[in-house]
Amino acid sequence: MSSSLPIGIFDSGIGGLTVAAAISKILPNEQLIYFGDTAHLPYGDKSPEAIKDYSIKIARFLISQDCKMIVIACNTASSHAYFLLKEEIGNLLPVINVIDPVVASLVSKKKYRNVGVIGTRSTIQSDIYASKIALSDPSIEVRSLATPLLAPMIEEGFINSNISFTIINSYLSSPKLKNIDSLVLACTHYPLIKTEIEQYYQGNVDIINTAEIVADHVNDKLTALHLLNTSKTRQHRFYVSDYTKSFEESTRYFFGKEIHLKQQDV
Ligand code: DGL
C-alpha cells in the first residue's frame with residue numbers, strides 16, 4: 001500500500017471534523033477524505049443495526065476512493081460498527097475507532113478515580129466506556145450520562161449562545177455527574193463546546209480532549225505501519241450524503257476557504 005494514499009474519516013455530520021482537524025494539524029502531509037452522513041444525522045438515536053448499515057456503506061465508499069486507513073470519527077459508530085468493519089474490511093486496511101485510544105490514554109494517566117462520560121443516547125446505552133475502562137482498571141468509577149440534545153444543537157450552530165448555555169448547564173448539573181474528577185467528551189461533536197463545558201467546571205474537572213488523543217493514535221499507527229505520507233501534495237476532499245449550508249460553513253471554519261464539498265449517495 002502506498003503511503004501517499006489518503007486517510008478516510010467519517011461521522012454522522014460535522015463532529016468528526018474535530019478529529020479531522022486534529023489529524024491535519026499534527027500530520028500536515030496527510031490527505032484526508034471526509035464523509036459526513038448528514039442524511040442520517042443524528043446517529044445517536046438510531047438503532048445499532050442502522051448504524052452498522054450506514055457505517056459499512058461509507059467504509060466501502062472510502063475504500064473505493066483508495067484510502068489507506070479508515071478513522072471512525074464517531075463514538076456512536078465506534079460503539080456499534082467497529083467490530084463489523086474490522087471483520088469485513090480489516091484485512092484490506094487499518095480501521096481506527098475513537099474509543100480505544102481515549103480509554104488507553106485515560107487509564108494510563110493513573111490519576112482519575114471518578115470519570116464522567118457524556119455522549120449520545122446510543123453510545124451511553126452501549127456502556128462501552130464503562131466496560132472498556134473496567135477491563136483496564138476496575139477501580140475507576142465511571143458515571144455516564146446521555147446528552148442527546150447536544151449533537152443536534154451543535155449541528156444547528158447553537159454554540160456560545162443562551163440556548164447552548166442552558167442545555168449544557170442542565171445536563172452537567174445532573175446528580176449522575178456529581179464529584180467527577182474528569183469528563184470524557186464521548187461524542188466527536190462536543191469539542192466544539194469544550195470552552196462552555198470548561199466554563200461550567202471552572203477548572204475543577206479535567207476535560208479529556210478526545211480529538212487530539214485520536215490524532216496522536218493515528219500518527220502512531222501510520223508510523224508503525226510505515227504509512228506516513230512524506231510528500232507534500234495534499235488536497236482534502238469532503239463528501240456529505242445530504243448537502244447543507246451549515247456543513248459547508250463548518251468545514252470552512254476548520255479547513256479554510258479552499259474546500260471541495262460534494263454530495264455523495266452511499
Ligand atoms: N459525532 C457522533 C458521535 O461521536 C454522533 C452524533 C450523532 O449523530 O448523534 O457519537
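Remember, it's 1-based here, ligands and their atoms both numbered in the order they're listed.
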| Among all protein non-hydrogen atoms, which one is nearest to atom 1 (N) of ligand 1, and what is the separation to 0.1 Å? | H189 ND1, 2.8 Å
| task | Give the residue, atom name and distance (to 0.1 Å) of the protein heavy atom nearest atom 7 (C) of ligand 1. | result |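 Scanning the protein heavy atoms, the shortest distance from atom 7 (C) of ligand 1 goes to Y43 N, 3.3 Å.
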I'd like to check which ligand 1 atoms, numbered from 1 as shown, lie under 4.0 Å from a non-hydrogen atom of [X].
X    : value
S12  : 5 (C), 6 (C), 7 (C), 8 (O)
A151 : 6 (C)
G44  : 7 (C), 8 (O), 9 (O)

| Which option, T76, I51, I154, owns the non-hydrogen atom nearest atom 10 (O) of ligand 1? |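 That would be T76.
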| Where does P42 meet ligand 1, judged by heavy-atom distances below 4.0 Å: at the side chain, the backbone, both, or neither? | both
| request: With heavy atoms under 4.0 Å as the rule, classify the contact between D11 and ligand 1 as side chain, backbone, both or neither. | output: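 Side chain only; the backbone of D11 stays clear of ligand 1.
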Is [X] salt-bridged to [Y], cutoff N-O under 4.0 Å?
X    : Y    : answer
R143 : E141 : yes
K111 : D206 : yes
K25  : E30  : no
D127 : K132 : no

| query | Heavy atom of G13 under 4.0 Å from ligand 1? | reply | no
| request: Have a look at Y239 and tell me which of F10, F247, F61, Y34 forms a ring pair (Phe, Tyr, Trp, His ring centres under 6.0 Å) with it. | output: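 That would be F61.
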| said: Set out, in order, the CA-CA distance, both residues' side-chain angles and the distance that settles ring pair (Phe, Tyr, Trp, His ring centres under 6.0 Å) for F255 and H236, then state yes or no. | reply: CA-CA 9 Å; F255 288 93; H236 304 320; 5.3 Å; yes
| message | Would N75 count as a polar contact of ligand 1, with the cut-off being nitrogen or oxygen pairs under 3.5 Å? | response |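 Right, the criterion is met.
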| Quick check: does T120 get an N/O under 3.5 Å from an N/O on ligand 1? | no
| field | Sub-4.5 Å side-chain heavy-atom contact between I33 and L62 | value |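 SC-SC contact between I33 and L62 confirmed.
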| Taking atom CG of N91 as the centre, does the number of heavy atoms from other residues, nucleotides or ligands within less than 6.0 Å exceed 12? |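 Correct, the count exceeds 12.
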